[in-house]
Amino acid sequence: MRYSAPRGTRDILPGEIEKWQHVEGRIHRICELYGYKEIRTPMFEQTELFVRGIGEVTDIVEKEMYTFADKANRSMTLRPEGTAPVARAFIEHKLYAEAQPVKLYYIGPMFRYERPQAGRYRQFSQFGVEAFGSMDPMLDAEIISLAHDFYVSLGLDQIKARINTIGCPECRPRYQGHIKQVLSGRLDQLCRNCQQRYERNPMRILDCKNERCSGIASEVGSIDPFLCDECSEHFEAVKTSLDELSIPYVIDPAIVRGFDYYTKTVFEFVAEGIGAQDAIGGGGRYDGLIESCGGPATPGVGFAAGLDRLLLAMEANGIEPAVSNRLGCFVVAPDKGSRIRSACLVSSLRRLGVSADMDYVGRSMSRQLKHASRLDARCVAILGEDELARGVTQVRDMDRGEQWEVPLSEAASRIADFVRSVSGE
RNA sequence: GUGGAUGUAGCUCAGCUGGUUAGAGUACCAGAUUGUGGCUCUGGGAGUCGCGGGUUCGAGUCCCGUCAUCCACCCCA
């Protein structure tokens with residue numbers, strides 16, 4: 001019996017992991033710049049949290065959750081998204097009692113039981129930010145700005161936010177009623193999916209990729225006339241802020257988002273060239289979430305990006321982060337008798353902060369040098385019985401092919417100096 | 001959950017209408033070079049042909065199932 005990673009999951013091996021580390025570095029940096037603090041929440045929560053938070057009639061809750069009963073027969077679910085757990089932590093630790101807004105970010109794996117395809121996995125990684133406790137539209141703009149700057153910092157500088165407003169529990173039902181009224185006589189002309197959407201979430205019809213549906217949906221018109229004053233003013237203020245901050249965006253009435261908790265501002269970012277699953281980030285305002293999770297009425301706004309797709313998008317755009325992890329020095333031990341002294345030199349180099357390695361499989365000298373080349377070593381230190389007897393080691397610059405002798409007593413520090421000088425440190 | 005395509009050394013792939021011991025390139029290891037990498041040459045190890053069943057004298061090749069990957073739908077990140 002041979003094992004393989006479960007469907008929709010994968011191993012990230014050396015060679016690939018460096019890209020992830022690069023992206024994660026940018027995340028920490030951008031969040032620090034914007035004043036968001038990292039939070040880590042459990043990978044699983046009580047099932048009820050997601051049902052309440054995300055919404056009972058969403059696809060995630062209806063068919064995509066990894067739900068299991070623990071030994072005490074409590075229903076648990078591997079987190080399918082990051083906002084609900086952060087909201088739970090916000091309430092549980094009474095962060096609403098602290099200075100507002102509370103600005104948090106997270107990075108970690110999420111789980112959804114879906115059919116995998118390019119850019120879609122059952123375990124995938126998300127980076128997200130959440131800001132609780134402020135209704136200020138400038139905070140919506142700050143989050144969109146953060147997302148934008150994040151993508152740009154990774155080289156995706158053509159990225160543009162698509163934004164929309166979906167109103168609030170006061171005005172949205174009026175618009176939904178309007179949609180149903182306009183479409184009521186033409187239900188049979190809509191696709192099967194849209195006929196279901198008509199009952200459950202009529203705004204989704206506006207998002208349908210079917211040409212006939214989108215043609216009919218275009219007659220529905222914008223949400224604008226139905227927005228309450230508060231929502232209308234809020235959206236105007238978000239747009240003004242983005243303009244002032246020089247954050248590029250387009251207004252896209254088709255952005256409606258998948259979770260029930262969104263209110264007012266919604267937005268997303270899409271990438272080109274990565275297939276059908278092209279959303280690389282999205283978010284919005286969720287003024288009712290904290291309350292529906294059992295906390296005091298607290299507004300919030302957030303954003304999440306899918307790292308797996310982000311990596312795909314970078315690849316599709318030919319963005320290759322320059323990750324240099326060259327080995328500083330490979331110590332070549334041509335003779336068995338010199339291996340232990342070579343190990344000591346390796347150890348000294350490491351303690352001086354220089355990455356160092358040696359042969360552990362009994363290669364010939366020629367092969368050890370070849371191996372050093374493979375490891376992209378900056379230099380090699382040859383330490384055989386001959387050198388040992390003379391109290392020296394041969395240092396070889398692997399880029400230039402130059403070689404010189406240094407006394408063994410100061411070998412480590414001299415090599416360290418050399419490596420630092422060619423590394424530009 | 002639905003539909004379609006694919007699955008042969010670590011990797012990229014050959015293998016014609018079923019016919020003997022399944023090949024190449026690359027990578028790996030070794031030698032040429034008994035103490036000097038990148039180039040070249042020579043040799044070597046390596047494959048339950050995704051897995052399980054079936055048809056057949058005989059299956060990598062045909063059929064069924066299953067698992068996985070990819071694409072589309074759905075939905076999303």
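Quick note on labels: first sequence line is chain A, next is B, and so on, each numbered from 1. Not measured: the values here are computed from a predicted model.
Taking atom P in both B:rU61 and B:rA22, one finds a spacing of 14 Å when rounded to whole Å.
The partner of B:rU17, taking Watson-Crick or G-U wobble pairs whose two distances both stay under 3.5 Å, does not exist in any strand shown. In a base pair of the Watson-Crick type (N1 to N3 plus N6-O4 or O6-N4) or a G-U wobble (N1-O2 and O6-N3), with each distance short of 3.5 Å, B:rG65 is matched with B:rC51. Pairing for B:rA72 is with B:rU2, a Watson-Crick or G-U wobble pair whose two hydrogen-bonding atom distances lie under 3.5 Å. Across all strands shown, B:rG60 has no partner, as no Watson-Crick or G-U wobble contact with both distances under 3.5 Å is found. Under the Watson-Crick or G-U wobble criterion, with both distances below 3.5 Å, B:rA24 is paired with B:rU12.
Heavy atoms of A:Q368 sit nowhere under 4.0 angstrom from any nucleic acid atom. Counting non-hydrogen atoms under 4.0 angstrom, A:E268 reaches nothing in the nucleic acid. If you check every strand for non-hydrogen atoms under 4.0 Å, A:I382 touches a base. Nucleic acid contact class of A:R10 (heavy atoms, under 4.0 Å, all strands): none. Nucleic acid contact for A:G82: none, since no nucleic acid atom lies under 4.0 Å from a heavy atom of the residue.
Interface remark: the A:R115 side chain does form a donor-acceptor pair with the B:rG3 base, using a distance-only criterion of under 3.5 Å. Evaluation of atom-type donor-acceptor distances gives a pair under 3.5 Å for the side chain of A:E387 against the base of B:rG35. Within 3.5 Å, a donor on the side chain of A:S373 pairs with an acceptor on the base of B:rG37, or the reverse. Not a single donor-acceptor contact under 3.5 angstrom links the side-chain atoms of A:R7 to the base of B:rU69. Looking at A:R396, its side chain comes within 3.5 Å of the base of B:rG37 through a donor and an acceptor atom.
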